[in-house]
Amino acid sequence: MFRGLGAAMLGACLCGGGVQAQDSRTVSFAPGATGATITDTIRGQEYRDHVVNVREGQVMMVSLAVTSTNGDGSASFNIVPAGQDYPALYNGSMEVDSRAEVTVPESGDWAIRVYLMGNDRDADRTVGYAIDVSIPPISGSASQGERMQRARFVTRGRGRRVRRPAWAGTGRRTDAPPRRLSTSSPAPADGIFKGKGET
């Protein structure tokens, strides 16, 4: 019980006032990638910020796995604004696993703050860890194909979208009604047309 309470207090301290990261490292994604894997080690009372740039509304998914340790391997992490201690979008000391999925409320740099808890922290143990971070594109953002499809529409009137007909630009329209034939002289008064030579 007391160990769990101490872990919760540590997590609160690491996202509360007065604490600054002892080491801050920028996370960069490969061109075209939406995620990255971070590997590092942490010891005793150290804590480290891995900083990623995220747009408002994007979902950030983070998971932490212990890869090596000479202790209990009790590493955890919080997600906080870079350079700040709160608010924490995720507090690992209050969760049952080391996996977070949060929607970022504001564009900017956000830190994945890694730290040790319990005996690993107090006994100055060393823990190796790997972090998988993924930030998919915001759903609903138009692809190049979707933008080209929308460009095929023209807007007329009060926002009414009309697709250009197939005959546009060909000089002829295939769906036009048949033309009405006209005569150069009006029909006879009695409504009877007489053939050539008839009187």
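Please read all numbers here as calculations on a predicted model, not as lab measurements.
With rounding to the nearest 0.5 Å, the separation of CD1 in I112 from CG in D49 is 9.5 Å. Separation of atoms CG (N70) and CZ (R43) is listed at 8.5 Å; rounding is to 0.5 Å. How far OG of S24 is from CZ of R113: 8.5 Å, rounded to the nearest 0.5 Å. Distance CG/N119 to CG/D124: 10.5 Å, rounded to 0.5 Å.
Under the 4.5 Å side-chain criterion, counting only non-hydrogen atoms from C-beta, S63 is not in contact with S134. Between D23 and Y47 there is no side-chain heavy-atom pair separated by less than 4.5 Å. Between F29 and V133 the shortest side-chain heavy-atom distance falls below 4.5 Å. The shortest distance between side-chain heavy atoms of D120 and V127 falls below 4.5 Å. Counting heavy atoms from C-beta outward, S107 and V54 have side chains that stay 4.5 Å or more apart. In this structure, the side chains of E56 and E106 stay at 4.5 Å or more apart for every pair of heavy atoms. Put simply, the side chain of V62 reaches to within 4.5 Å of the side chain of I79, judged on heavy atoms. Counting heavy atoms from C-beta outward, R55 and I138 have side chains that approach closer than 4.5 Å.
Linking Ile, Leu, Val, Met, Phe, Trp and Tyr residues whenever their side-chain heavy atoms come within less than 4.5 Å places L89 and V52 in a single cluster. Note: the hydrophobic cluster containing V102 also contains I131 (ILVMFWY, side chain heavy atoms under 4.5 Å, direct or indirect links). Linking Ile, Leu, Val, Met, Phe, Trp and Tyr whenever their side-chain heavy atoms come within less than 4.5 Å puts V66 and I38 in one cluster. Taken together through direct or relayed side-chain contacts under 4.5 Å among Ile, Leu, Val, Met, Phe, Trp and Tyr, L64 and V51 form parts of separate hydrophobic clusters.
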- Could you go through the ring pair (Phe, Tyr, Trp, His ring centres under 6.0 Å) check for F77 and Y90 one step at a time? CA-CA 8 Å; F77 69 92; Y90 174 85; 4.8 Å; yes

### Message
Walk me through whether T39 and T67 qualify under side-chain contact (heavy atoms from CB on, under 4.5 Å).
### Response
CA-CA 9 Å; T39 57; T67 57; 5.9 Å; no

(message) side-chain contact (heavy atoms from CB on, under 4.5 Å), that's the test. Do V114 and D40 meet it? Break it down for me.
(response) CA-CA 10 Å; V114 181; D40 212 331; over 6 Å; no

(Q) Between W110 and V80, does the side-chain contact (heavy atoms from CB on, under 4.5 Å) criterion hold? Intermediate values first, please. (A) CA-CA 6 Å; W110 290 81; V80 294; 5.7 Å; no

**Request:** Give the C-alpha distance, both sets of side-chain angles, the deciding distance and a yes or no for side-chain contact (heavy atoms from CB on, under 4.5 Å) between D132 and T37.
**Result:** CA-CA 5 Å; D132 287 325; T37 299; 2.6 Å; yes

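Between E46 and R48, at least one side-chain N (NZ, or NE/NH1/NH2) sits under 4.0 Å from a carboxylate O, which counts as a salt bridge. At a threshold of 4.0 Å, the pair D72-R125 does not count as salt-bridged, since none of the basic side-chain nitrogens sits closer than that to a carboxylate oxygen.
Pairing each heavy atom of P81 with each of P87, the nearest pair is CD-O, 3.2 Å. Nearest heavy-atom pair, Q58 versus P136, reported as atom, atom and distance to 0.1 Å: NE2-O, 3.3 Å. A pairwise comparison of heavy atoms in S93 and S76 identifies N-OG, 3.6 Å as the closest pair. Closest non-hydrogen pair, A36 versus S28, comes out as CB-O, 4.2 Å. Counting all heavy atoms, side chain and backbone alike, A75 lies closest to S98 at O-OG, 4.1 Å.
In the model, N78 has a side-chain atom that pairs as donor or acceptor with a side-chain atom of Y115 under 3.5 Å.
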